[in-house]
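Accompanying notes for the structure given below.
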Amino acid sequence: MSGSGGELTSRERVGRLCQILWARTPEEARLILRVVEDIPRASSEEIADFERDLAGLSEYAERSAILDPPGEPFEAQPAAAGEEIRLAVAFEPGRTGTGLALPRLRSTEKLSEHFVMDPQTVVSSRALAVLWRRFRRLERSGPKTELDLNATIEERSRRGFVPQPVMRARRVNRARLVILIDASNSMAPWRPFLDSIETSMLASRLVAPDIFYFNNVPRRAVHRTIEQSDPLPVLQALRQRQGASLLIVSDAGAARGTLNHKRVKESAEFLANAARLMRSIVWLNPMPRARWVNTSAGRLASRSGAVFLPLDVSSLILAVDVLRGARAA
Amino acid sequence: VTLRSAAGRALGVREAYEALDQYGQEHGEVPLLLMLHAAVPQSFRVDMLNLMKANFLALEAGVDMTVDADVLLSPLVEANAAGYYRLDPEVRRHCLELLDARYRSQSERRSTQVARFVLAYADMLERKVGLSLDPLIDEFLSIQRWVAASFIEPERAAQQFALILQSAETQTDPAARVRLSSMTAALSIPLAGHQPLLAYARGLDALARGDKEQARRDMEILGDDDLNISGVVLKRPKALQLAGATRISSDAPSEFDAQPQQAATNEAVAPNRRPMVFLSYDSADSAAAERIRQQLTDADIDIDPEAVGSSINDIGRRFIARIDRCDFFLALMSENAVKSELCRLEWGRALGRYERREPGKRFFLPLIVDDSVGLRDQTPPELQLVQWGRAPRGELDPDFIAGLKRDLDRESPLPPFEEQIGLGAERIQEPGRREEAAPTDPPDGVPGPEVGRVPSTEGERVRILLSYARADIAAMKRVRDTLREHEAVVFEDADLPGESFSPKVTSEIANCDVFVPLVSRASVESPWCLYQWREAIALRSRVAHPLRPSLSRHPRIIPVQTDEASSYDDERVPAELRQFIWRKAPQGLLSSEDVLAITRHPNLGPGRSGTERPWAPPDPPPPGREIRTLDPRVEHDREAASLPSAIVPPPPVGWELFETRDATWALQKWVNELMFNPAEFPVGTFVQSREFGPLVAARVEWREQFSSEGVPGVRRTVQLMMPTDRSLEPTSSLPESRTSSLRPTLLDEMARRVIGAVLSGERVAVALSGPPNSAIFDVAAYLQRQEGVDKISWFDVSNSPSNWLGFANWVVETTIGTSTRGLGTDSSSMLRVAERLWELTALRQRSQVFVFSEFLEQHEDVTRFLAICAELTLLDQGPRLLFVDAVKRTLFTPGPAAWSKRIKPQFRSETDKRIDRPFTETTLKPIKLNEMCRFLEEAVASVTKKARPTPAQVRSIAKELLKAPILTRLAVDGAIQRLTKLF
């Protein structure tokens with residue numbers, strides 16, 4: 001800091017400098033600011049010591065003419081002095097007519113510096129959409145509209161002449177996906193993620209993705225909405241989409257850390273039924289693998305043949321690969 | 001709307017803490033930290049929790065969603081409908097304290113930071129949802145804003161809230177009413193500093209529901225004045241002024257005459273409200289309580305209608321104010337009550353009042369209502385000293401009711417105790433006062449009603465009080481008549497239950513010269529007799545009380561055994577009574593020698609003139625010197641062991657008695673020196689000395705004592721004395737060097753610490769332990785003058801039946817305010833309590849100063865407990881527990897060196913294992929407490945010396961710490977942070 005020592009006279013300035021140097025996103029900027037704020041304040045003795053050292057240094061510098069003379073003293077404010085309140089609270093009369101005043105922050109424009117207001121998700125919607133695009137099974141189908149150059153050359157060399165170029169059908173993504181999402185209370189923490197699955201599907205270019213919701217175990221009925229209305233018998237739903245890949249998102253009891261034999265049994269039965277109808281099955285569990293131990297999830301994973309994966313970016317890529325049949329777990 | 005959660009029973013304070021502790025152990029630090037943050041808002045949503053994590057725990061938690069899951073799905077969090085979650089209220093309180101404690105090194109309180117976030121979140125959500133605000137979110141946001149604002153600026157929030165309450169009375173919109181009541185509930189935690197305001201709000205709420213009784217009770221706590229919150233004046237609501245008027249204003253508004261309640265309260269409009277009995281009982285005993293209530297009501301005694309058995313904590317808190325206002329506290333004792341937390345709470349409160357009661361006034365009576373035995377031993381030690389009664393299934397003795405009624409109807413309380421036991425001469429100059437007191441006595445004669453009117457000095461006659469059981473009335477009469485023949489004023493006090501409540505008894509004991517317990521088969525079984533005896537002994541032991549010199553006068557106690565059935569060794573006889581010389585009087589026939597011994601006047605011995613005249617000793621010596629003179633009034637020419645007793649003259653002018661057992665170690669050694677050197681110090685020698693710092697004196701004199709063979713007689717003894725007016729003691733004369741007397745340095749050091757703690761924003765609670773001796777009271781008196789000292793409480797370790805348990809209970813109750821139960825005497829219980837104590841003191845940011853006397857060391861288990869506390873203290877940064885040895889006048893910040901030097905050697909040999917065992921047995925073992933403490937100390941010391949420990953050392957410490965229990969780690973964290981900051 002020898003060069004900029006003159007400017008770094010306050011915590012705020014140091015924070016800003018660090019932000020400029022390293023922050024790439026507003027979140028990082030805020031994080032840096034918070035880290036800088038959390039640096040413990042030096043006591044006045046320490047500051048005095050430091051300044052004494054600094055003075056010694058500068059004497060040395062003057063003598064050796066290596067360093068520039070030091071600037072202003074470094075934030076000579078002891079910890080006990082206390083900080084001024086950055087944001088004040090203002091009370092304003094209630095607007096709903098109930099006569100209750102609603103206290104508000106007086107200065108709202110500084111807020112963005114202090115608090116992140118975008119909820120964290122495991123995977124962003126955009127990343128999910130990119131991921132879904134990876135999920136494709138291309139098959140040529142429909143009218144032959146595309147020139148098959150290789151076949152044309154081959155025909156030409158075999159026959160000596162070509163009456164007309166060989167055409168072939170366009171490649172179309174035939175990958176079909178059914179997603180079963182657990183909408184029970186234990187999945188509440190991942191609600192934003194579940195929402196983002198739905199939105200990302202719109203940008204996925206998948207042919208008619210189907211999302212159904214269930215409660216704890218997809219036993220009899222699944223629902224078309226996350227509020228669990230519009231029920232449909234689960235096996236009927238799968239039968240209609242026979243041959244598609246099945247993705248299940250559920251904690252399977254791992255979030256609460258419980259072991260429920262009935263739940264394991266029913267889930268295993270469902271998976272056995274589904275395996276007969278579906279191309280491949282992946283069960284995504286939002287809890288990390290370590291937390292499956294001694295829970296229904298762990299029991300189920302060890303007992304059934306389906307692929308069980310935790311919820312993170314690399315597992316998602318693997319899941320998509322398994323679903324399209326490109327890779328076995 | 002209640003403060004309780006709708007689902008199931010709410011957790012108690014201790015349960016909540018343990019639940020939280022368990023949660024931390026199961027899930028680790030990060031979810032625990034997130035839960036602490038989530039305690040700030042009154043309720044939260046999933047996205048809000050997530051944002052709190054992103055904002056406050058980004059470094060610790062990252063984007064790990066399992067942390068959210070662990071909080072949301074924890075049993076401590078209650079999921080309301082529609083995606084709103086809230087913490088258990090008691091857990092939330094703990095969380096808030098932990099939160100601020102955990103981040104105490106930051107410049108701003110963490111809860112305030114989180115509250116800022118909550119406000120920002122509310123703004124964000126409102127912007128996002130826009131004007132299509134659904135009412136649930138609207139309600140949620142408005143309450144969040146209020147809660148957050150109350151955390152950030154409690155004063156202004158309270159003011160604004162008061163403004164709203166002011167206009168609430170005219171508010172007719174039911175929606176506003178509902179919001180107001182839910183707001184009151186929500187603000188009860190952040191505005192905990194404004195209890196009156198909250199009580200007012202609750203009262204309004206109850207009023208809005210139409211529950212006038214409840215409203216009146218809520219408001220009653222506020223007292224009689226209007227509530228003023230930063231300039232906003234809240235008046236009693238009109239609907240309540242009626243009920244309130246009976247208590248507060250003499251000019252009750254006449255417009256309410258037509259109201260039906262008026263009839264019930266009319267007679268109470270008198271300036272003095274009607275006396276009220278508070279009935280404390282466990283709800284399991286409500287049948288007995290109902291019976292008692294019935295009987296008392298029939299006798300026209302008012303019972304506090306609110307005193308219902310219950311186990312809900314916040315009701316208990318409300319009761320506390322009522323206990324403070326009641327006139328008599330009746331505690332129904334049963335197996336259930338002894339186990340009830342709430343009952344204990346109420347007893348504790350009532351006992352506190354009992355101790356501050358007007359002397360001689362009855363206030364507290366435990367009544368056993370079931371057939372259980374040994375209940376007394378299960379109650380707090382203080383309670384065991386009080387007289388108990390029995391009322392099987394609530395059936396009361398009519399005499400008891402009459403006595404109680406008489407007590408309660410007494411219009412003016414007795415004159416203060418100090419006046420009653422004042423000098424006789426003054427009493428004679430004021431005959432009018434005595435006349436005033438007389439009419440208050442009941443018209444129907446009970447044994448010994450005339451005694452209250454006996455002048456404290458009736459001529460030169462000695463006043464004797466006989467305490468006897470009704471069964472022994474014949475023997476008593478014989479003793480009384482014999483003594484009366486010897487010109488003694490004799491009065492007696494039987495164990496009539498009706499008379500139990502005579503406020504005279506204590507003053508009678510204090511007023512008499514000789515207290516004669518008639519020990520017999522019947523009397524040792526009578527709780528009332530035992531109570532009187534204890535009272536007399538207690539009064540006597542307050543001799544030369546440095547803080548209460550007015551109590552210095554005390555009766556002589558001469559137990560007289562009236563039958564052969566009871567013996568000296570009978571274990572029902574209070575142990576203290578055995579220290580006196582017992583006389584035998586079968587069927588009440590006293591020997592003439594015993595009669596002489598009893599009727600001998602303390603100051604004016606019959607036939608021996610000269611002992612009563614005052615004698616002024618020469619001027620005190622200069623500092624560090626002593627002066628020897630002879631008190632001419634002490635009999636020099638007499639044989640040891642001869643009876644009757646010699647006359648002990650009163651202390652010389654300007655001096656007062658001071659019991660040897662209360663003296664410091666050095667003084668006791670000095671006493672021994674005088675005692676066993678009869679050649680140099682003959683009987684009558686009066687030595688004034690300043691060798692020990694303050695001026696003291698000792699006189700060699702005669703005293704009744706058993707010889708080692710058990711033969712009664714007089715022996716040579718040494719009586720310590722201290723100057724009556726100690727304020728004249730020139731302070732400059734006190735030596736300044738630490739070695740000659742540690743007294744000034746101790747006090748200076750203590751003051752420095754106390755003031756330091758106050759400056760650093762900590763509150764200080766002082767706890768004194770040990771027998772009541774002058775050293776402890778000196779320290780107490782000193783500390784009392786210090787500003788910022790929160791509370792001084794005192795516990796006599798030697799008095800407690802099971803020392804460590806009583807002590808631990810007391811420590812926890814006085815310093816933390818919760819109570820402990822179900823403890824064993826084993827080391828792990830000790831450790832558990834010590835850990836809790838330490839954690840809680842650390843969390844409450846409150847320093848504890850323990851002052852104890854040397855006698856404490858005799859109680860091995862207590863010392864062990866303190867040792868454990870001390871070792872734990874080292875883990876934290878500030879001096880949270882400070883130990884002061886009052887007798888040796890040393891102060892030590894507990895450190896392994898200081899503490900082990902002091903305590904350890906005693907246990908090194910045999911009990912060493914027992915001390916260390918708790919650490920090896922429990923989870924604390926991996927930390928290796930002692931080593932770590934030593935290291936921390938060294939580290940801090942070396943830092944100040946600029947020689948810094950290696951990073952490897954720090955790393956090893958940190959590694960050890962990771963294995964510690966989670967809450968311990970939270971508290972230790974401050975110390976580690978400080979340490980690492982220095983590196």
Side-chain angles (χ1 to χ4, degrees), chain A residues 27 30-31 34-35 37-42 46 49 79-83 85-91 94 96-105 108 110-112 114-122 185-193 251 254-257 286-288 290-291 311-312, chain B residues 26 46-47 49-51 53-56 58-59 62-73 79 83 85 105-108 112 116-117 119-124 133 138 141-142 145-146 148-150 152-153 156-157 160-161 163-164 167-168 171 173 175-176 179-180 183 977-978 981-982:
Chain A
E27 251 173 68
R30 192 204 51 81
L31 196 63
R34 194 157 281 280
V35 169
E37 270 171 20
D38 283 352
I39 296 172
R41 282 168 189 268
E46 281 174 310
D49 279 0
E83 262 189 1
I85 295 172
R86 287 177 301 232
L87 302 167
V89 177
F91 291 84
T96 45
T98 50
L100 297 183
L102 301 170
R104 258 168 207 287
L105 286 180
T108 44
K110 278 184 90 178
L111 276 180
S112 52
H114 283 285
F115 299 112
V116 178
M117 283 299 160
D118 302 318
Q120 299 173 329
T121 48
V122 189
N185 272 342
S186 62
M187 291 293 287
W190 294 277
R191 199 62 181 269
F193 171 73
D251 68 300
R256 288 192 201 270
M287 295 301 281
R291 296 283 291 269
L311 183 57
D312 52 48
Chain B
E26 281 172 8
V46 176
D47 57 334
L49 186 74
N50 186 264
L51 289 178
K53 189 182 76 175
N55 281 293
F56 296 101
L59 290 182
V63 288
D64 183 1
M65 299 298 288
T66 56
V67 176
D68 300 43
D70 282 342
V71 172
L72 284 177
L73 305 178
Y85 295 80
S105 59
Q106 293 182 355
S107 54
E108 192 184 18
T112 315
R116 278 183 207 295
F117 160 78
L119 278 183
Y121 171 81
D123 278 356
M124 184 275 290
L133 219 52
D138 188 25
L141 290 183
S142 122
R145 286 216 169 92
W146 271 98
S150 307
I152 300 169
E153 287 187 65
R156 282 191 55 205
Q160 295 291 325
F161 187 44
L163 270 176
I164 288 177
S167 60
Q171 188 67 254
D173 180 7
R179 289 184 103 182
L180 201 60
M183 242 174 79
Q977 267 180 14
R978 199 167 66 115
K981 190 186 84 179
L982 290 171

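The figures that follow rest on heavy atoms only: side chains count, while hydrogens, waters and symmetry mates do not. Proteins get letters first, then strands, A, B, ... in listed order; numbering begins at 1 in each.
At a 4.5 Å heavy-atom cutoff, the contact between A:Arg256 and chain B is made by backbone and side-chain atoms alike. Contact annotation for B:Met124: only side-chain heavy atoms (C-beta onward) come within less than 4.5 Å of a heavy atom of chain A. Interface remark: B:Phe161 contributes no atoms to any contact with chain A (heavy atom separation under 4.5 Å).
Rounded to the nearest 0.5 angstrom, A:Met187 CE and B:Met65 CE are separated by 10.0 Å.
Most heavy-atom pairs under 4.5 Å with chain A: of the set B:Asp47, B:Leu51, B:Val46, B:Thr112, this distinction falls to B:Leu51.
Of the residues B:Val67, B:Leu49, B:Asp68, the one that meets the side-chain contact (heavy atoms from CB on, under 4.5 Å) test with A:Pro189 is B:Asp68.
Scanning all heavy atoms of the two residues, the minimum distance from B:Leu73 to A:Ala255 falls at CD1-CB, 3.2 Å.
B:Thr66 places a side-chain heavy atom less than 4.5 Å from the side chain of A:Pro288.
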